[in-house]
There are 2 protein chains.
Amino acid sequence: MTTALPSPRVLPHPTRDEIRLESVLHALSDPVRMRIVSELADAEAVLSCSRFDLPVSKSTTTHHFRVLRESGVVQQVYEGTAKMNGLRRDDLDALFPGLLDALLTAARHQGARDAL
Amino acid sequence: MTTALPSPRVLPHPTRDEIRLESVLHALSDPVRMRIVSELADAEAVLSCSRFDLPVSKSTTTHHFRVLRESGVVQQVYEGTAKMNGLRRDDLDALFPGLLDALLTAARHQGARDAL
DNA sequence: ACCGTACTACGACGGCTATCGTACGAGTCG
DNA sequence: CGACTCGTACGATAGCCGTCGTAGTACGGT
């Protein structure tokens, strides 16, 4: 039987035109979230939340993924029990050409500096 | 006559290697501050604080300029009663190549979209 | 039916932030 | 000196944010 209730198995995303630069920058101004995005970009694939080894609790992880989704940086889809995450590269590149790549490069450079 | 003492009129800035990507992104995630930076980039010059027409009080303006300075985005120097602000383009470009331009372009694009 | 895994919802807590007004200091010009 | 401009400091306030733990739901396998 199909559940009558509107089970929130579908996650709300901003459309492309609803994505705001401020929100994207705010989302990426947290190191944990920037790390998620970097790993996602490196993987060039869709990853489940649990594939990330983050220095925070599970609740906090959920929170960070939601911020990334609501700001339009990632797309999330349920696949069984897992929630798969993908970078919204097309939308971001269309809206802010070159920005994502510059951010990823910047994060990588800073990571290299910190490792010294 | 040249002042002998390092007067308290000198403002603390982060050195180039102290500039953090997170801090820069956080600084730019506020619309008022992004606007300041955009105007500064357009002017390609050093501007006094009062040259900006911002939708906030004077206290708040001071606050925003301090955030920009402490994050390493702008440089501030007293010149008489005025405080002159300059974009730290060299440092930012050296640390995060292409990032500043991508951000400025993104802000301009979004501004154009909003104007419709 | 049961259990384990994956993620969420909720409430709490401490800290930061954007905002303001008022009062003040520093410099310039008459 | 006095008046004026530019910017600061301080205190207050309201709201958001990152963090957590606990309790709970959804799904898949045994």
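Basis for what follows: all heavy atoms, side chains included, without hydrogens, waters or symmetry-related copies. Model, not experiment: these values are computed from the prediction. Residue numbering restarts at 1 for every chain, and letters A, B, ... go by the order of the sequence lines.
- In this entry the distance linking CD of E22(B) with P of dC16(C) reads 16 Å, nearest Å.
- In this structure, CG of D53(A) is placed 14 Å from P of dA6(C), rounded to the nearest angstrom.
- Residue T62(B) has a polar side-chain atom (N or O) positioned under 4.0 Å from OP1 or OP2 of dT8(D).
- If you take CZ of F65(B) and P of dA18(C), they are 14 Å apart, rounded to a whole angstrom.
- The separation between R69(B) atom CZ and dG7(D) atom P is 13 Å, rounded to whole Å.
- For R113(B) (side chain) and D17(A) (main-chain N/O), a donor-acceptor pair under 3.5 Å exists by modelled atom type.
- The shortest distance between side-chain heavy atoms of L92(B) and L99(B) does not fall below 4.5 Å.
- Taking the side chain of Y78(B) as heavy atoms from C-beta on, and the options dG7(D), dA9(D), dT19(C), the nearest nucleotide is dG7(D).
- Phosphate proximity of dC20(D) to T60(A): present, with a side-chain N or O under 4.0 Å from OP1 or OP2.
- Under a hydrophobic-cluster definition in which Ile, Leu, Val, Met, Phe, Trp and Tyr are linked whenever side-chain heavy atoms come within less than 4.5 Å, directly or via other members, L47(A) and V74(A) are assigned to the same cluster.
- As judged by a 4.0 angstrom heavy-atom cut-off over every strand, R33(A) is placed among residues touching the sugar-phosphate backbone only.
- For K58(B) and T81(A), each mapped to the nucleotide of DNA chain D holding its nearest heavy atom, the one lying further toward the 5' end belongs to K58(B).
- When the C1' atom of dA26(D) is taken as reference, atom CG of L11(A) falls 13 Å away, rounded to whole Å.
- Comparing dG7(D), dG18(D), dA26(D) against the side chain of H63(A) picks out dG18(D) as the nearest.
- In the set dA18(C), dT22(D), dT19(D), dA18(C) carries the atom at the smallest distance from any side-chain atom of D30(B).
- Between the CG atom of L25(A) and the C1' atom of dC17(D) there is a distance of 17 Å, rounded to whole Å.
- Taking atom CD of residue Q76(A) and atom C1' of nucleotide dA6(C), one finds them 13 Å apart after rounding to whole Å.
- M84(B) and I36(B) sit in two unconnected hydrophobic clusters of ILVMFWY residues. Membership requires side-chain heavy atoms under 4.5 Å apart, directly or through other members.
- Under 4.0 angstrom from either OP1 or OP2 of dA9(D) there lies no side-chain N or O belonging to S59(B).
- In this structure, S48(A) reaches the sugar-phosphate backbone alone: every heavy-atom distance under 4.0 Å involves primed, P, OP1 or OP2 atoms, never a base.
- OP1 or OP2 of dC7(C) has not a single side-chain nitrogen or oxygen of R66(A) nearer than 4.0 Å.
- Distance from the side chain of K83(B) is smallest for dT8(D) among the nucleotides dT8(D), dC7(C), dG7(D).
- Taking atom CG of N85(B) as the reference point, atom P of dG7(D) lies 8 Å away to the nearest angstrom.
- Contact of the R69(A) side chain with the R88(A) side chain is not registered, since no non-hydrogen atoms from C-beta on lie closer than 4.5 Å.
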Audit row: C49(B), N85(B), side-chain contact (heavy atoms from CB on, under 4.5 Å) steps and yes/no
CA-CA 7 Å; C49(B) 292; N85(B) 302 272; 3.4 Å; yes
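- Listed nucleotides: dG27(C), dC20(D), dC27(D). Nearest to the side chain of S57(A): dC20(D).
- Using a 4.0 Å cut-off, no side-chain N or O of H26(A) falls inside it from OP1 or OP2 of dC16(D).
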